[in-house]
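Down below is the structure, laid out as structure tokens.
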Amino acid sequence: MYERILIPTDGSDVAKAAVDHALDLAERYDAEVHALYVVDIDSVNLSLGTEQVDRLRQGRFGEMEELKERADEATGAVAASGDERGIDVVEHVSGGRPHKLIADYAEDHEMDLIVMGSHGRAGVRRALLGSVTERTLRSTHVPILVVDYVDED
């Protein structure tokens with residue numbers, strides 16, 4: 001049923017909850033897993049200089065140490081969890097508008113399912129869904145499993 005599963009991640013607790021669900025499905029269906037970290041250029045644009053924004057737009061994330069560490073940590077956590085279960089994970093980092101890049105990645109790589117958290121790090125949680133999740137739902141025809149996270153603390 002599922003051969004390729006995409007997990008967009010920002011490293012948040014909500015994203016980690018989605019990872020567990022995605023890896024359960026990948027195990028069950030022997031699916032290929034892709035972890036995608038999207039640098040939201042619009043949101044970081046406000047705090048960066050022109051040169052840094054240009055680097056982001058060109059995909060030169062490696063030149064921005066803090067950003068690269070955050071991205072590698074988020075996708076690396078998915079890969080490590082996959083490794084524990086014997087599942088290989090393809091890691092990818094991209095920059096732009098998150099919902100558009102998630103939808104494009106899913107379609108370009110023929111994903112069968114997107115598994116993502118109900119909301120991420122950015123901003124206050126909405127009543128139902130975070131803006132990236134909501135926009136992704138409207139931007140693709142690939143099925144999406146939205147995983148909510150309940151803080152146990």
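The analysis underlying the following values was restricted to heavy atoms, covering all of them including side chains, and did not include hydrogens, waters or symmetry mates.
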*asked:* Once side-chain contact (heavy atoms from CB on, under 4.5 Å) is applied, do any residues pair with D112, and if so which ones, sequence neighbours excluded?
replied: Y2, E3, R4

*Between A15 and T9, what is the shortest heavy-atom contact and its length?*
CB-OG1, 3.5 Å

*What pairs meet the salt bridge (charged side-chain N to carboxylate O under 4.0 Å, His left out) rule with one or both residues in residues 77-91, with sequence neighbours excluded?*
D24-R85, E27-R85

*Show your working on side-chain contact (heavy atoms from CB on, under 4.5 Å) between E73 and Y37 and close with a plain yes or no.*
CA-CA 10 Å; E73 185 178 312; Y37 182 95; over 6 Å; no

*Return the set of residues passing side-chain hydrogen bond (donor to acceptor under 3.5 Å, both in side chains) with R28 (not counting sequence neighbours), or none when no residue passes.*
none

*Could you tell me whether the side chain of T136 reaches within less than 4.5 Å of the side chain of I144, counting heavy atoms only?*
yes

*Listed partners of T140 passing side-chain hydrogen bond (donor to acceptor under 3.5 Å, both in side chains), at least two apart*: E107

*Search all heavy atoms of V14 against all heavy atoms of G117 and return the closest pair with its distance.*
CG1-CA, 3.4 Å

_Rounded distance [0.5 Å steps], CD1 in I5 versus NE2 in H21_ = 12.5 Å

_L25 side chain near L145 side chain, heavy-atom distance below 4.5 Å_ = yes

*Can you list the residues that meet the side-chain hydrogen bond (donor to acceptor under 3.5 Å, both in side chains) rule with D104, with sequence neighbours excluded?*
K100

*Where do L23 and V78 come nearest, in terms of heavy atoms and distance?*
CD1-O, 4.4 Å

_Working for side-chain contact (heavy atoms from CB on, under 4.5 Å), residues D13 and K16_ = CA-CA 5 Å; D13 289 339; K16 290 175 187 172; 4.2 Å; yes

_Checking side-chain contact (heavy atoms from CB on, under 4.5 Å) between H34 and each of I7, V90, T75, which is the one that passes?_
V90

_On a heavy-atom basis, which atom in I114 and which in A106 lie closest, and how many Å separate them?_
CD1-CB, 3.7 Å

*asked:* List the residues meeting ring pair (Phe, Tyr, Trp, His ring centres under 6.0 Å) with H92, not counting sequence neighbours, and say none if there are none.
replied: Y105

*Do the non-hydrogen side-chain atoms of V132 and I102 ever get within less than 4.5 Å of each other?*
yes

*If every non-hydrogen atom of V146 is compared with every non-hydrogen atom of S118, which pair is closest and at what distance?*
CG1-CA, 3.6 Å

*Where A31 and I87 come nearest, the two heavy atoms and their spacing*: O-CG2, 4.3 Å

